[in-house]
Amino acid sequence: MPELPEVETIACSLRNPVALPFKELGALNERPGIVGRTIASAMVLWERSIAQPVPADFCRDIIHQEITQVLRRGKYLVLRLTHDWLFIHLRMSGDIRVEPLASENQVHDRVILGFADGTRLVFNDPRKFGRLWLVKDPLDVWCTLGPEPFDEELTAECFYGMLQRRSRSIKPLLLDQSFIAGLGNIYTDEALFLAGIHPLRKSNTLGPGQAAGLLSAIRQVLREGIMRNGASIDWVYRGGDFQNYFNVYQRTGSQCPRCGGLIERSVVGQRGTHYCPVCQPLDPVN
DNA sequence: CATCAACCCTGAGAGC
DNA sequence: TGCTCTCAGGGTTGAT
């Protein structure tokens, strides 16, 4: 399920190759850059994949626009067009293909944008949770999002203040995209493990040092995820191998790499949650 | 404001 | 083998 590192990986692959930051391209070569291509046709195979505007208007308005920039904001893939902005949220199972225009449709293809140069971009989404928005103003979509984890203005002091102002369990808070953008279940569990913080810990009981440690842990797991081109844990997302480096996520019953105890699983905020009860105590003894 | 349940979906995996 | 059942997962919405 694409979180920040997975979306960043896809965004990199959709930019022109010069923007690729990593030497090991692998599957990324199958998704050449799309910056500079002009949309010549649009086909919606599953109407509910289009969040805004209605599909007919979406198809009419997006045609003839050039893709001028590929960005990422939180878990959104952002395509800047000549006049509008195209936001793509992959949710659970979405993926993007770039291929020759004459390619055969595949099962679960939902939206197809044909380019004037004879290629096409395909939005494929088995579970149909993903959405596309075509908007005039990017703020329409991302104004509700919290800060980017790598934003330099997000200092440890700032993050501590954000945690102090809330009194929620830390895990659901980190998953809340209006609090901080880009974290999903995998990277939240991994970050809390690195920081040694229990998922149910109330945010406003964390000290300044713990806040700084948590922010640093968040950045570390995200950076490692990006370096490994994301995690391929669902059968849909391909290319990354961060799933081989999880400390706790989906490792219930395995040994904690730090203390050797057993990783436990519980449900927190309707989400499967993996943690080490020894390294992540709810009530620190200190 | 915080918490919780339901909803949207499919396919993988378990159980029979 | 093949059927049915359960479940995961992000984000939104509505109820408490």
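Chain letters run A, B, ... following the sequence lines, proteins first, then strands; residues in each count from 1. Quantities reported herein were computed from a predicted structural model and do not represent experimental measurements.
Close to C:dG10, at under 4.0 Å from its OP1 or OP2, lies no side-chain N or O of A:H89. Phosphate proximity of C:dG9 to A:Y249: present, with a side-chain N or O under 4.0 Å from OP1 or OP2. Remark: A:Q250 is in phosphate contact with C:dG9, judged by side-chain N or O atoms under 4.0 Å from OP1 or OP2.
Remark: the A:R271 side chain and the C:dG9 base include no donor-acceptor N/O pair separated by less than 3.5 Å.
Residues A:K75 and A:E3 are not paired through a salt bridge, judged by the lack of any N-O separation under 4.0 Å between the basic side chain and the carboxylate. Taking a cutoff of 4.0 Å between a charged side-chain nitrogen and a carboxylate oxygen, A:D57 and A:R60 qualify as a salt bridge. A salt bridge does not link A:R219 to A:E152: none of the charged side-chain nitrogens sits closer than 4.0 Å to a carboxylate oxygen.
Rounding to the nearest 0.5 Å places CG of A:L81 at 10.0 Å from OG1 of A:T38.
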Report the C-alpha distance between A:R97 and A:D109 in whole Å, list the side-chain angles of each, state the deciding distance to 0.1 Å, and finish with yes or no for salt bridge (Lys or Arg N to Asp or Glu O under 4.0 Å).
CA-CA 10 Å; A:R97 301 198 310 276; A:D109 283 351; 2.8 Å; yes
Going through the checks in order, is the salt bridge (Lys or Arg N to Asp or Glu O under 4.0 Å) test met by A:R15 and A:E8?
CA-CA 11 Å; A:R15 288 179 197 123; A:E8 181 65 30; 3.7 Å; yes
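Atom P of nucleotide B:dG11 and atom CG of A:N124 are separated by 10 Å, given to the nearest angstrom. In this structure, CE of A:M92 is placed 14 Å from P of B:dG11, rounded to the nearest angstrom. When the C1' atom of C:dT12 is taken as reference, atom CG of A:L145 falls 14 Å away, rounded to whole Å. Whole-Å rounding puts the A:W133 CH2 to C:dT12 C1' distance at 10 Å. Residue A:H108 contributes atom NE2, which lies 8 Å from atom P of B:dT10 at whole-angstrom precision. Nucleotide C:dG9 holds its P atom 12 Å from the NZ atom of A:K75, rounded to whole Å.
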Scoring nucleotides 2-9 of chain B by protein non-hydrogen atoms under 4.0 Å (B base, S sugar-phosphate only, - none) yields SS-BB-BB
